[in-house]
Amino acid sequence: ETGVTQTPRHLVMGMTNKKSLKCEQHLGHNAMYWYKQSAKKPLELMFVYNFKEQTENNSVPSRFSPECPNSSHLFLHLHTLQPEDSALYLCASSLQSGTSGDNEQFFGPGTRLTVL
Amino acid sequence: QKEVEQDPGPLSVPEGAIVSLNCTYSNSAFQYFMWYRQYSRKGPELLMYTYSSGNKEDGRFTAQVDKSSKYISLFIRDSQPSDSATYLCAMSGRDTGFQKLVFGTGTRLLVSP
């Protein structure tokens, strides 16, 4: 596989469930990101990881818990979500860390999440 | 006021037309400007990446940045039905953090055969 992959592509869960989203990048990048995309709203940055370390948490509720075991893999653990959390969750990666402006971000296909 | 304003459309054009997509922004510190294309049920795909003011051309696509007016544009020449998608502008700068891209809501483009 090439680029940025995400699994699952679709997920339906109840408010009491626990699930995880997985992202893998095959680009040799150092930085990985989680974004939320809701209808008629701009993409919202959730978390940033540089060299496996979390460097940004954009005031995301604790029911979303990220994990980055290495520079190629990123997870988003979900628990006790609300219906308003239903959205497309996108993972992205980039080569450079935040110290450089040359920071092209490449996105995966996303996980369409529905919370019942 | 939103940091980045983008007309949601839809913008409908016939095949072969020149398309102009635009974004305005309020933060004068933005330095890097991007255009992404997003097909239905897919992730955004990076089309153009520019720094500061000026033009950048890549095939049928031209990106323009006018920092004095806080206005960026994407032109598509000889538009094709396969160009039908949502186009997202994004930008970043040193004060907001280079990795914190600020996106517009996207403009939906429909190119009819």
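Every value quoted in this text rests on a predicted model; they were computed, and no experiment measured them. Reminder, nothing fancy here: chain letters follow the sequence lines and each chain counts from 1. Only heavy atoms go into these numbers, but all of them, side chains included; no hydrogens, no water, no symmetry mates.
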- Message: Can you tell me which portion of B:Y36 sits under 4.5 Å from chain A's heavy atoms? Options are side chain, backbone, both or neither.
- Response: side chain
- Item | Positions in residues 8-17 of chain A that reach chain B, provided some heavy atom is under 4.5 Å away | A:R9
- Engaged part of A:L45 at the chain B interface, taking heavy atoms whose separation is under 4.5 Å: side chain
- Task: Step through it carefully: locate the ring centre of A:H77, locate the ring centre of A:F64, and say whether they are under 6.0 Å apart.
- Result: no
- Message: Quick check: do B:Y25 and B:F33 have side-chain heavy atoms less than 4.5 Å from each other?
- Response: yes
- Task: Check whether the side chains of B:T107 and B:D7 place a donor and an acceptor atom closer than 3.5 Å, and report yes or no.
- Result: no
- Taking only heavy atoms into account, what residues of residues 63-72 of chain B are found under 4.5 Å from chain A? none
- Note on the structure: Cut-off 4.5 Å, heavy atoms of chain B, and the answer for A:E56 is side chain
- Enumerate by number any residue of residues 83-93 of chain A whose heavy atoms lie under 4.5 Å from heavy atoms of chain B; in the absence of such residues, state 'none'. A:L88, A:L90
- Task: Answer whether the closest heavy-atom distance between the side chains of A:C23 and A:W34 falls below 4.5 Å.
- Result: yes
- Item | Portion of B:Q6 that has a non-hydrogen atom of chain A nearer than 4.5 angstrom | neither
- Query: Taking the six-membered ring for Trp, are B:Y32 and B:Y51 parallel (under 30°), tilted (30 to 60°) or perpendicular (over 60°)?
  - Reply: tilted
- Task: Go through the steps to decide whether A:Y35 and A:F47 satisfy the test ring-ring contact (aromatic ring centres under 6.0 Å, His included), and finish with yes or no.
- Result: CA-CA 7 Å; A:Y35 285 86; A:F47 301 103; over 10 Å; no
- Message: Is there a side-chain contact between B:F75 and B:S73 in this structure, where contact means two heavy atoms from C-beta onward sitting under 4.5 Å apart?
- Response: yes
- Would a 4.5 Å heavy-atom cut-off, applied to side chains only, mark B:L109 and B:V13 as touching? yes
- Item | Heavy-atom proximity to chain A below 4.5 Å, by part of B:P44 | both
- Message: Hydrophobic cluster membership, with links at side-chain heavy-atom distances under 4.5 Å among I/L/V/M/F/W/Y: are B:F103 and A:M46 in one?
- Response: no
- Message: Between B:V4 and B:C89, is there a side-chain heavy-atom distance shorter than 4.5 Å?
- Response: yes
- Message: Can you tell me which portion of A:E44 sits under 4.5 Å from chain B's heavy atoms? Options are side chain, backbone, both or neither.
- Response: neither
- Please check if the side chain of B:E57 supplies one atom and the backbone of B:F61 the other of a donor-acceptor pair under 3.5 Å. no
- Any side-chain heavy-atom pair of A:K19 and A:H79 under 4.5 Å: no
- Any side-chain heavy-atom pair from B:L101 and B:M34 closer than 4.5 angstrom? yes
- Check: A:N50 and A:N30 side chains under 4.5 Å, non-hydrogen atoms: no
- Sort out for me which of B:K100, B:R41, B:Q31, B:K42 touches chain A most, counting heavy-atom pairs under 4.5 Å. B:K100
- I would like to know whether A:Y33 and A:S94 meet side-chain hydrogen bond (donor to acceptor under 3.5 Å, both in side chains); could you show each step before the answer? CA-CA 9 Å; A:Y33 312 77; A:S94 67; 2.7 Å; yes
- Region of B:L88 that comes under 4.5 Å of a non-hydrogen atom in chain A: side chain
- When you measure from the side chain of B:T105 to the backbone N and O of B:P8, does any donor-acceptor pair fall under 3.5 Å? no
- Message: Going by side-chain hydrogen bond (donor to acceptor under 3.5 Å, both in side chains), name the residues that satisfy it together with B:S20, two or more places apart in sequence or in a different chain.
- Response: B:N22
